[in-house]
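Here's the structure, in structure tokens; my notes come after.
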Amino acid sequence: MTYDPTGHLLLTPVDREAPLRVRRLRQLGIGERPDPEFDEFAGKLAEVTGAPYAMVNFIDENRQFFAGLRTPDGTRPAGDTVAAVPTRGAVGRYMARDHGYCPHVVVRRKALVLEDVCDYPRFAGNPVVDELGVRSYLGAPLIDRTGTVLGTVCVVDTAPRPWGRPGLETIKSLAAELVERIHRREPDGRP
């Protein structure tokens, strides 16, 4: 954790690996534009978990980018849609780094299960609670063969969800599956 110049606790953790992550994402050619394969994978995340929102999320120093996105109505915003969460319930391809829970997953390098974000004071005050109506979160890091955390896969709901251990195991398994797909994009399957 860190503090801003006025002494207020910042709830988004410091991410010292962001420059390395950005270089790795560029090597892989991902994380800067929507990708039909990632949109399809987000659909699979939503279907398997029963969550209304699902994302394949890549994070740089300043923002999050949903290269894969599924929303309740099945629509996806265009690639250049910049929605720093303009209206309650609206999700665009970009989000500020201090919004949401994926930055915590990336820095911790571990999956995160929040069955009801309001049960956790550290997470209940996150802007996505009021701006998007997020009440539950389930996410896992995408750690590639170089040990770099590329981003996350996650699902969210506007109602509390009893994800439990089965949800945790499911999201971790899906993250591993997507990392394997990403590895197959590399020439000769090597970094």
**In one Ile/Leu/Val/Met/Phe/Trp/Tyr side-chain cluster, 4.5 Å: Val179, Val48** = yes

**Prompt:** What about Val105 and Leu45, same hydrophobic cluster or not, with Ile/Leu/Val/Met/Phe/Trp/Tyr joined at side-chain heavy-atom distances under 4.5 Å?
**Reply:** no

**Asked** How would you list, by chain and number, every residue that makes a side chain to side chain contact (heavy atoms under 4.5 Å, CB included) with Val107, sequence neighbours excluded?
**Response** Pro13, Asp15, Arg97

**Request:** Could you walk me through whether Arg24 and Glu186 pass the salt bridge (Lys or Arg N to Asp or Glu O under 4.0 Å) test, one step at a time?
**Result:** CA-CA 11 Å; Arg24 183 68 176 133; Glu186 294 181 279; 2.8 Å; yes

**Request:** For the pair His104 and Arg122, evaluate side chain to side chain contact (heavy atoms under 4.5 Å, CB included) and give the outcome as yes or no after the intermediate values.
**Result:** CA-CA 11 Å; His104 295 271; Arg122 176 179 181 187; 3.5 Å; yes

**Asked** Is the shortest distance from a Lys or Arg side-chain nitrogen in Arg21 or Glu61 to a carboxylate oxygen in the other one below 4.0 Å?
**Response** no

**Asked** Going only through I, L, V, M, F, W and Y residues with side-chain contacts under 4.5 Å, is there a path from Val129 to Leu114?
**Response** yes

**Item:** Heavy-atom donor-acceptor pair, Glu115 side chain to Trp163 backbone, under 3.5 Å
**Value:** yes

**Item:** Under 3.5 Å: donor-acceptor pair, side chain of Asp60, backbone of Arg63
**Value:** yes

**Prompt:** Distance-only, no hydrogens or angles: does the His183 side chain make a donor-acceptor pair with backbone N or O of Asp144 under 3.5 Å?
**Reply:** no

**Request:** Answer yes or no: is there a side-chain heavy-atom contact under 4.5 Å between Val117 and Tyr101?
**Result:** yes

**Asked** Is it true that a side-chain atom of Arg93 and a backbone atom of Phe66 form a donor plus acceptor pair closer than 3.5 Å?
**Response** yes

**Nearest non-hydrogen partners of Pro72 and Tyr53, listed with the distance** = CD-CE2, 3.3 Å

**Prompt:** Rounded to the nearest 0.5 Å, how far does CD of Glu131 lie from CG of Asn126?
**Reply:** 8.5 Å

**Prompt:** Are Val56 and Ile143 connected in a single hydrophobic cluster, I mean Ile/Leu/Val/Met/Phe/Trp/Tyr linked by side-chain heavy atoms less than 4.5 Å apart?
**Reply:** no

**Prompt:** Between atom OH of Tyr94 and atom CD of Gln64, what is the distance when rounded to the nearest 0.5 Å?
**Reply:** 13.0 Å

**Request:** Calculate, to the nearest 0.5 Å, the distance between atoms CG and OG belonging to Leu168 and Ser173 respectively.
**Result:** 11.0 Å

**Message:** With a 4.5 Å cut-off on side-chain heavy atoms, are Thr170 and Leu174 touching?
**Reply:** yes

**Item:** Which residues share a side chain to side chain contact (heavy atoms under 4.5 Å, CB included) with Arg16, sequence neighbours left out
**Value:** Val14

**Message:** Return the CG to CZ distance between Asn57 and Phe65, rounded to the nearest 0.5 Å.
**Reply:** 9.5 Å

**Message:** On a heavy-atom basis, which atom in Pro141 and which in Ala111 lie closest, and how many Å separate them?
**Reply:** CD-N, 3.7 Å

**Check ion pair Asp35-Arg185 (N to O, under 4.0 angstrom)** = yes

**Asked** Does Arg135 have any side chain to side chain contact (heavy atoms under 4.5 Å, CB included) partners at least two apart in sequence or in another chain, and if so, which?
**Response** Asp116, Cys118, Pro160

**Prompt:** Should Arg165 and Glu169 count as an ion pair when the cut-off is N to O under 4.0 Å?
**Reply:** yes

**Message:** Test of understanding: with side chain to side chain contact (heavy atoms under 4.5 Å, CB included), list the residues that count as partners of Leu20, not counting sequence neighbours.
**Reply:** Arg23, Thr148

**Request:** List the atom of Arg109, the atom of Gly147, and the distance in Å for their closest heavy-atom pair.
**Result:** NH2-O, 2.6 Å

**Complete:** Residue pairs meeting ring pair (Phe, Tyr, Trp, His ring centres under 6.0 Å), one or both in residues 26-48, sequence neighbours left out, come to Phe38-Phe58

**Request:** Check the pair Lys44 / Glu177 against salt bridge (Lys or Arg N to Asp or Glu O under 4.0 Å), numbers first and verdict last.
**Result:** CA-CA 11 Å; Lys44 178 178 180 174; Glu177 179 183 330; 2.6 Å; yes

**Request:** Is it possible for you to say whether Ile182 and Leu25 belong to one hydrophobic cluster, with membership spreading through side-chain heavy-atom contacts below 4.5 Å?
**Result:** yes

**Item:** Closest contact, heavy atoms only, Ala42 versus Ala54
**Value:** O-CB, 3.2 Å

Which pairs of donor and acceptor atoms, one on a side chain in residues 149-158, lie under 3.5 Å apart (sequence neighbours left out)?
residue, atom, partner, partner atom, Å
Asp157, OD1, Ala159, N, 3.4
Asp157, OD2, Arg161, NH1, 3.0

